[in-house]
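Encoded as structure tokens, the structure appears first; notes follow it.
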Amino acid sequence: NDSITWDSASYLDKPWNHVAFFDNYENDPFLNFADGATYADKLPRIRMAAAYLFTINRVPMLFSGNEFLLHYGAYAPIGTYEKMPGFLFTSAVTGNATYQDNLAYMKALIQMRKNNPALRSEERMTSASWIRQGSTLFGFIRRQADSPSIVVMFNNSPNPVGSFDTTMPAGVTGSNNYNFIKKSGSTYGAADPTVSWPSSNVMRISSMQPWEVKIIKINP
């Protein structure tokens, strides 16, 4: 709702030129504030936040601290490797599968943003862009002329979601189900079998897991 208000009311001259970032810097890394007792609990939420940053019509910014699940910042003792940026390049990180998987996820988001003009388009995020609005289940579409349109759907909830349909804006049709952040082996990006098209302007999602995001390139 805030994004609709700011864009529709033209409070920002060119919102797509403004930076969006995780709210807190190194002394209190964003991950510290995510709900959950462990990194495993927090990780889906930090990935959801990152997916939002890289798909909304702003310039995304990631800080180098616990956004990569690194421990330096508020919790690490002064003088330890975990407190220093060089920790990124130590074997404690390069040999840690969880860190490396999260880095691969972030790289996939960066590459997705670079390669898709719709995600960098100078299109205001009006109510027509927010194709689904809800307290926990919501999503929007990003468009750019002569480029594939991209639908982003969020399940901001600890509960799974069953099947639902979403109608595209007038004039938008789809058939593809490529999900930029679906994991395939050790990489991200694959066809998503939970996404189908019962008609050319209606996208069906058969299920979403807790805290899941889907970023779907809906047409060629």
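Along the sequence shown, the residues carry numbers beginning at 1. Note that these values count all heavy atoms, side chains included, but never hydrogens, waters or copies made by symmetry.
Interatomic distance, S207 OG to E212 CD, rounded to the nearest 0.5 Å: 7.0 Å. For the atom pair I150 CD1 and F140 CZ, the distance stands at 10.0 Å (nearest 0.5 Å). With values rounded to the nearest 0.5 angstrom, L43 atom CG is found 8.0 Å from T98 atom OG1. How far CG of L53 is from CZ of R58: 11.0 Å, rounded to the nearest 0.5 Å. Remark: T167 OG1 to R132 CZ distance equals 8.5 Å, nearest 0.5 Å. The distance from atom CZ of R204 to atom OG1 of T194, rounded to the nearest 0.5 Å, is 12.0 Å.
The 12-atom threshold is exceeded at NZ of K183, counting heavy atoms of other residues, nucleotides or ligands nearer than 6.0 Å.
Among I218, V151, I131, the one residue that satisfies the side chain to side chain contact (heavy atoms under 4.5 Å, CB included) test with V172 is I218.
At least one donor-acceptor pair under 3.5 Å links the side chain of N177 to the backbone N or O of D192. With hydrogens and angles ignored, the 3.5 Å screen pairs a side-chain donor or acceptor of R113 with a backbone N or O of L119. For the pair R120 (side chain) and K114 (backbone), a donor-acceptor distance under 3.5 Å is present. For S149 (side chain) and R143 (main-chain N/O), no donor-acceptor pair under 3.5 Å exists by modelled atom type. Distance alone, capped at 3.5 Å, is enough to place a donor-acceptor pair between the N57 side chain and the E123 backbone. In terms of modelled atom types and a separation under 3.5 Å, the side chain of N155 and the main chain of P160 share no donor-acceptor contact.
The closest side-chain heavy-atom distance from S129 to R124 is not below 4.5 Å. Side-chain contact between M203 and W197: present, with at least one pair of heavy atoms (C-beta onward) separated by less than 4.5 Å. The closest side-chain heavy-atom distance from N176 to I216 is not below 4.5 Å. Put simply, the side chain of Q209 does not reach to within 4.5 Å of the side chain of P44, judged on heavy atoms. Looking at P193 and K182, their side chains come closer than 4.5 Å, going by heavy atoms from C-beta outward. Counting heavy atoms from C-beta on, the side chains of D101 and Y188 come closer than 4.5 Å. At least one side-chain heavy atom of I181 sits under 4.5 Å from a side-chain heavy atom of N179. I56 has its side chain within reach of M125: a pair of non-hydrogen atoms, C-beta onward, lies under 4.5 Å apart.
Across all non-hydrogen atoms, the minimal contact from S121 to Q144 is CB-OE1, 3.1 Å. When all heavy atoms are compared, the tightest approach of P169 to A128 is CG-O, 3.7 Å. Nearest heavy atom pair, residue G189 against residue S184, reads O-CB, 4.2 Å. Listed here is the closest heavy atom pair of A51 and Y105: CB-OH, 3.8 Å.
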request  = Take R47 and W211 through the side-chain contact (heavy atoms from CB on, under 4.5 Å) test and state the conclusion after the steps.
outcome  = CA-CA 9 Å; R47 290 187 171 186; W211 315 116; over 6 Å; no
inquiry  = K107 vs L109, test: side-chain contact (heavy atoms from CB on, under 4.5 Å). Steps then yes/no.
reply    = CA-CA 5 Å; K107 285 182 174 180; L109 290 177; over 6 Å; no
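Hydrophobic clustering (side-chain heavy atoms under 4.5 Å, transitive across Ile, Leu, Val, Met, Phe, Trp, Tyr) groups Y178 together with M112. In this structure, W16 is not a member of the same hydrophobic cluster as I110, with clusters built from ILVMFWY side-chain heavy atoms closer than 4.5 Å. By the criterion of side-chain heavy atoms lying less than 4.5 angstrom apart, applied directly or through intervening Ile, Leu, Val, Met, Phe, Trp or Tyr residues, L137 is not grouped with M48; the two fall into different hydrophobic clusters. Each of F164 and W130 belongs to its own hydrophobic cluster when Ile, Leu, Val, Met, Phe, Trp and Tyr are linked at side-chain heavy-atom distances under 4.5 angstrom.
For the residue pair T55 and R142, no side-chain donor N or O sits within less than 3.5 Å of a side-chain acceptor on the partner.
Ring planes of F154 and F138: parallel class, angle under 30° (limits at 30 and 60°).
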